[in-house]
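Positions are given from 1 along the sequence.
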Amino acid sequence: MKKFIAVILTFVILIPVLSFGINSEGKEETVFTDLYGDRWYYDSCMYCYENGLMEGVGNSSFSPLGKVSREQFVCALANLDGAGLDAYTESSKNTPFKDVKAGIWYSEAIEWARANGIALGISNTAFGLGVNITREQMATMLVRYAQYKGQKTNYSFELEKFTDGKTVSSWAVNGVKYAAAFGLFKGNDKAEFNPLGAASRAELATVLMRAHKISKSRIVCFGDSLTMGIETGFVDIVDTPYPERLGEYLGIDTINYGIGSETSDMIAMRQGAIPLYVDDMVIPTDCTPIALFPMLEDSIEVSPFCLHGFEGVNDVEIAGVKGKITDENGGKGTRWNSNIYFMRNEPGEEVRITERTQIITHPMSDAREDDILIIWSGSNDLDGATDLSLVDDIIANQQAMVDYAGTDEFIIVGFTANNYLGIPSFSECTDLANEMLKEYWGEHYLDIKEYMATEQVLTDHGIEPTPLDLEFLAKGWIPESLLEKEKSNGERGYIHFNQLGYDIMANMVAEKVVALGYLG
């Protein structure tokens with residue numbers, strides 16, 4: 001009897017786990033009859049089908065173990081991109097590839113890939129129609145696709161991590177390094193990459209699913225003026241602050257929640273890690289701004305919430321009423337707001353608040369559980385510090401933000417402004433504070449100065465050191481060529497980066513995100 005039951009169970013396991021759709025008669029019909037729910041590729045194949053990245057091969061078959069031709073891969077890549085292939089219809093009629101005819105299901109996709117430097121063909125006149133694509137060829141087209149999208153592709157990855165890494169063709173090394181570092185490709189159970197292996201449709205589906213999920217990822221950047229992107233003054237902002245550049249490098253959405261002059265607790269308040277409440281107030285029926293007096297939990301103390309700006313905070317919600325934090329005239333306020341106000345978005349019923357009610361900020365309502373969190377805070381806490389006693393408070397506020405986000409995918413960025421933190425007699429404040437961050441946060445800590453306060457950074461970017469660069473470097477500071485001078489006397493004047501400095505910082509964060517495997 002036991003043997004009979006075992007046979008039955010084996011049979012059940014091998015039955016295809018079917019995906020169902022509804023036909024025109026309202027009856028259920030199967031989509032693919034060759035996808036089994038216990039197979040490693042089932043989820044990725046169905047994901048690609050459901051997201052329009054791949055289709056079946058006909059006769060209700062997905063053919064997961066079938067090989068992938070070069071034209072099939074290019075079409076899948078165009079689907080991933082959402083490319084408007086109609087724009088390539090005319091030029092496809094004049095393709096230099098003699099083996100590609102116009103008007104076929106793959107014609108426009110091949111022309112799209114050729115025109116954008118993604119697929120170069122097996123020769124100047126042949127695309128290689130019908131030729132099975134290898135894993136290293138897929139990786140090469142993927143890195144070209146990333147370059148076409150303007151993304152960063154030069155990530156550190158040692159091919160020796162694959163037991164057959166030395167067999168990767170020289171022309172494919174960059175592609176394999178990029179695809180492996182980014183998490184698009186992973187070795188098999190023998191740690192082999194198998195560069196010359198013909199890729200299966202299941203392997204393609206897995207790569208496409210990973211790439212598609214990465215493109216839907218989001219990074220949320222909290223901080224002060226450095227995150228905001230200030231160069232000099234509160235309104236002098238670089239063209240591309242680091243969060244926006246980071247998004248370009250990784251090809252994903254980023255949110256800039258930086259407000260100048262804010263301390264670590266103020267930043268945590270905006271995120272929601274330090275909850276704020278109001279009490280004993282009336283929200284009127286009309287859209288008249290009313291004074292707002294936020295308080296901490298179990299305290300009558302009014303918190304310094306939004307005193308330096310409202311960017312990224314609105315819309316807020318109080319007692320179910322959606323509105324905005326404003327100045328007394330319903331405006332956007334200034335850098336220095338002594339008072340803040342709440343103005344409802346639309347007229348409605350009067351709301352009387354007679355017990356403590358939490359303020360719900362936009363970052364709180366917009367948070368996603370899969371967000372990657374970048375925190376660059378604490379510089380304003382240490383302005384004029386005479387010791388390191390406040391660093392523990394900064395770390396506690398950062399920890400509260402991490403806990404509130406509920407994520408293991410986060411990065412804490414170190415301090416950079418040597419002549420802003422501490423006082424002149426406490427010039428080692430920055431480096432000592434960074435040591436404390438490193439010890440507490442471990443692999444999640446990113447030391448910007450480790451690279452940016454070296455002459456190598458100037459060499460890498462073709463910059464001849466100025467006398468002031470050399471003076472700064474001798475002190476262990478970030479060179480002047482990457483900073484903006486903010487005061488004529490030069491004292492405490494080099495706080496913020498110029499565009500190049502922010503770009504280098506974004507590059508370092510991108511490398512850290514990839515190295516920690518947050519996207520793969």
Side-chain angles (χ1 to χ4, degrees), residues 220-225 227-228 257-283 289-328 333-344 351-367 371 373 375-385 388-407 410 412 440:
V220 179
C221 305
F222 281 96
D224 48 40
S225 57
T227 297
M228 188 177 181
Y257 283 138
I259 293 183
S261 301
E262 287 207 331
T263 52
S264 61
D265 59 335
M266 297 169 73
I267 295 167
M269 291 172 190
R270 286 192 286 117
Q271 184 226 18
I274 299 179
L276 296 174
Y277 301 87
V278 292
D279 196 357
D280 191 23
M281 66 176 290
V282 177
I283 302 176
I290 55 173
L292 198 64
F293 302 99
M295 62 187 72
L296 300 173
E297 189 173 13
D298 299 328
S299 172
I300 61 174
E301 175 185 352
V302 177
S303 76
F305 176 59
C306 284
L307 296 186
H308 298 306
F310 314 142
E311 291 90 347
V313 174
N314 293 319
D315 286 349
V316 301
E317 182 177 326
I318 301 177
V321 179
K322 294 184 178 180
K324 294 179 174 60
I325 303 294
T326 71
D327 60 20
E328 61 182 333
T334 65
R335 179 179 185 180
W336 311 108
N337 298 292
S338 57
N339 296 292
I340 61 174
Y341 295 76
F342 174 75
M343 183 177 71
R344 65 189 305 162
V351 176
R352 291 183 173 273
I353 298 175
T354 58
E355 60 183 19
R356 294 208 167 180
T357 302
Q358 188 172 3
I359 300 172
I360 307 300
T361 65
H362 175 72
M364 295 171 66
S365 60
D366 188 53
D371 283 338
L373 181 65
I375 302 174
W376 195 5
S377 66
S379 292
N380 292 307
D381 301 56
L382 296 176
D383 180 13
L388 297 174
S389 59
L390 288 174
V391 178
D392 286 335
D393 293 335
I394 295 170
I395 291 175
N397 290 329
Q398 294 171 339
Q399 183 66 66
M401 293 181 69
V402 171
D403 292 343
Y404 180 82
T407 181
F410 65 93
I412 306 296
Y440 185 87

S.K.: Under the rule for ring-ring contact (aromatic ring centres under 6.0 Å, His included), what residues qualify as partners of Phe305, not counting sequence neighbours?
M.R.: none

S.K.: So, using ring-ring contact (aromatic ring centres under 6.0 Å, His included) as the criterion, who are the partners of Tyr341 when residues are at least two apart?
M.R.: none

S.K.: Could you list the residues that satisfy side-chain hydrogen bond (donor to acceptor under 3.5 Å, both in side chains) with Ser389, not counting sequence neighbours?
M.R.: Asp387

S.K.: Return the set of residues passing side chain to side chain contact (heavy atoms under 4.5 Å, CB included) with Met364 (not counting sequence neighbours), or none when no residue passes.
M.R.: Gln358, Ile360, Thr361, Tyr404

S.K.: Who are the salt bridge (charged side-chain N to carboxylate O under 4.0 Å, His left out) partners of Asp371, not counting sequence neighbours?
M.R.: Arg218, Arg368

S.K.: Does the side chain of Tyr257 reach to within under 4.5 Å of the side chain of Thr227, using non-hydrogen atoms?
M.R.: no

S.K.: Please identify each residue that fulfils side chain to side chain contact (heavy atoms under 4.5 Å, CB included) with Ala367, with sequence neighbours left out.
M.R.: none

S.K.: Side-chain contact test, heavy atoms from C-beta onward, threshold under 4.5 Å: evaluate it for Val391 versus Leu382 and give yes or no.
M.R.: yes

S.K.: Would you indicate whether the side-chain heavy atoms of Asp280 and Phe293 approach each other to under 4.5 Å?
M.R.: no

S.K.: Quick one: list whatever passes side chain to side chain contact (heavy atoms under 4.5 Å, CB included) with Leu296, sequence neighbours left out.
M.R.: Met269, Ile274, Leu276, Ser299, Glu301, Ser303

S.K.: Can you list the residues that meet the side chain to side chain contact (heavy atoms under 4.5 Å, CB included) rule with Met281, with sequence neighbours excluded?
M.R.: Val278, Ile283, Ile290, Leu292, Ile353

S.K.: Could you list the residues that satisfy side-chain hydrogen bond (donor to acceptor under 3.5 Å, both in side chains) with Ser264, not counting sequence neighbours?
M.R.: Asp381, Asn397

S.K.: Please round to the nearest 0.5 Å and tell me the distance separating atom CD1 of Ile259 and atom OG of Ser225.
M.R.: 11.0 Å

S.K.: With sequence neighbours left out, what residues match Asp403 under side-chain hydrogen bond (donor to acceptor under 3.5 Å, both in side chains)?
M.R.: Gln399

S.K.: For residues 259-272, which residue pairs qualify under salt bridge (charged side-chain N to carboxylate O under 4.0 Å, His left out), counting only residues two or more places apart or in two chains?
M.R.: Glu262-Arg270

S.K.: Test of understanding: with salt bridge (charged side-chain N to carboxylate O under 4.0 Å, His left out), list the residues that count as partners of Asp315, not counting sequence neighbours.
M.R.: Lys324

